[in-house]
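Notes follow the structure.
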Amino acid sequence: MAFWYDGNKNYPENKREKDGIEYYIRGTVQVEDKVYERYAVHTHFINRGEDLVELVRRYVLPLSEEGDILAIGEKVVSMCQDNTVEKKNVKIGFLARTLSRFAKQNSDAGIGMGEPYKLQLAINMKGAPLVLWAAFAGGVCKLFGKRGVFYEIVGQDVAGIDGFYMHSAFETYHDLAVLNPKDPDGACRILREKTGLSCMIIDANDISVEILGRSDDLDFVSGERLGDLVRDNPAGQDDELTPFILVRDLAGREPQPYVPMRPREEKG
């Protein structure tokens with residue numbers, strides 16, 4: 001069963017503070033034979049060009065313990081890399097304007113290809129023939145109950161476009177699209193070298209999670225197991241400002257008190 005919720009996951013009852021750093025308990029998850037607790041680290045709004053290593057040193061290291069795994073939202077990595085596109089630099093063409101009318105929006109997965117600017121950016125990245133074929137194939141497959149074919153064809157770099165969303169709580173994202181991080185494995189390797197933290201870069205929403213990159217010491221862990229650590233999207237996707245999730249093996253310790261999410265509804 002998928003789990004939907006309303007608004008921000010930062011319940012005040014789950015707020016903690018250590019050395020001036022705010023974080024929120026996000027509950028436990030059992031993966032195979034181990035129980036992990038997750039901590040959503042609260043930051044300022046991270047702008048383009050900020051130093052990711054310094055952000056981790058500032059916000060995460062004071063809270064971390066040996067053996068922790070740091071899950072980083074892909075958007076903050078791309079913002080630090082300034083791997084972004086401004087709306088003023090995207091000129092909507094006939095194809096994007098037409099196809100966007102047929103795209104189904106899903107607010108639980110974020111803004112989709114029903115946004116003409118986002119669709120036009122996909123066309124700019126992949127070319128009109130591929131996008132047109134993906135739209136056609138995706139439409140046909142939906143008739144037979146198979147979804148997600150459009151993104152299977154155009155690729156993860158298009159699926160990872162985030163932004164141009166007028167309903168975002170952050171005005172920056174009204175006119176800015178954030179692309180997938182450049183060299184996510186390399187970014188994780190640098191973070192591991194500079195901070196000592198095991199880390200992974202994830203693209204997560206309330207429907208799915210994708211592991212985009214990981215530090216070398218996590219190569220032996222399956223992507224499925226890493227994904228299971230954050231499958232419920234503990235960072236949230238409202239205005240939480242919690243791009244860093246510390247995942248800790250409790251190793252028999254008791255978890256901290258936690259007020260669970262209040263469901264809006266459950267869907268199959």
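Note that the structure is predicted; figures quoted are calculated from it, not measured. These values consider heavy atoms only, across backbone and side chains, with no hydrogens, waters or symmetry-generated copies.
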Notebook entry, point to check: Does anything in residues 209-224 pair up under side-chain hydrogen bond (donor to acceptor under 3.5 Å, both in side chains), and if so which pairs, sequence neighbours excluded?
Noted result: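 Qualifying pairs: S198-D217, S215-D217.
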What pairs with [X] under ring pair (Phe, Tyr, Trp, His ring centres under 6.0 Å), at least two apart in sequence or on another chain?
X	result
Y258	none
Y36	none
Y23	Y39

Next item on the list: Examine K87 relative to Y117 and say whether NZ or CZ is less than 6.0 Å from the centre of the six-membered ring and inside a 45° cone about the ring axis.
Entry: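 Yes, a cation-pi geometry.
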Margin query: Between R225 and D228, does any NZ, NE, NH1 or NH2 come within less than 4.0 Å of an OD or OE carboxylate oxygen?
Written below: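 The answer is no: the pair does not qualify as a salt bridge.
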Checklist line | E22 bridged to R16 by N-O distance under 4.0 Å | finding: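 Salt bridge absent between E22 and R16.
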Item checked: Any side-chain heavy-atom pair of K15 and I25 under 4.5 Å ->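 No - every pair of side-chain heavy atoms lies 4.5 Å or more apart.
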Note to self: For residues 202-226, which residue pairs pass the ring-ring contact (aromatic ring centres under 6.0 Å, His included) check, not counting sequence neighbours?
What the structure shows: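 Counting only pairs at least two positions apart or across chains, no ring-ring contact (aromatic ring centres under 6.0 Å, His included) contact touches residues 202-226.
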Notebook entry, point to check: Pairs in or reaching into residues 48-84: which pass ring-ring contact (aromatic ring centres under 6.0 Å, His included), with residues at least two apart or in two chains?
Noted result: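 Residue pairs with at least one partner in residues 48-84: H44-Y59.
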Next item on the list: Share the residues that join F136 in a hydrophobic cluster, the rule being Ile, Leu, Val, Met, Phe, Trp or Tyr side chains under 4.5 Å apart at the heavy-atom level.
Entry: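 In the cluster with F136 are L130, W133, V140, L143, F144, V149, I153.
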Checklist line | Inter- and intrachain pairs under salt bridge (charged side-chain N to carboxylate O under 4.0 Å, His left out), touching residues 59-81, at least two apart | finding: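 Passing the test, one end in residues 59-81: E65-R248, E65-R253, D68-R248, K75-D162.
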State which residues pass salt bridge (Lys or Arg N to Asp or Glu O under 4.0 Å) with [X]; sequence neighbours excluded, sorted by chain then number.
X	result
E37	none
K182	none
R57	E54

Check: Does D82 have any side chain to side chain donor-acceptor pair (under 3.5 Å) partners at least two apart in sequence or in another chain, and if so, which?
Finding: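 Only T84 meet the side chain to side chain donor-acceptor pair (under 3.5 Å) criterion with D82.
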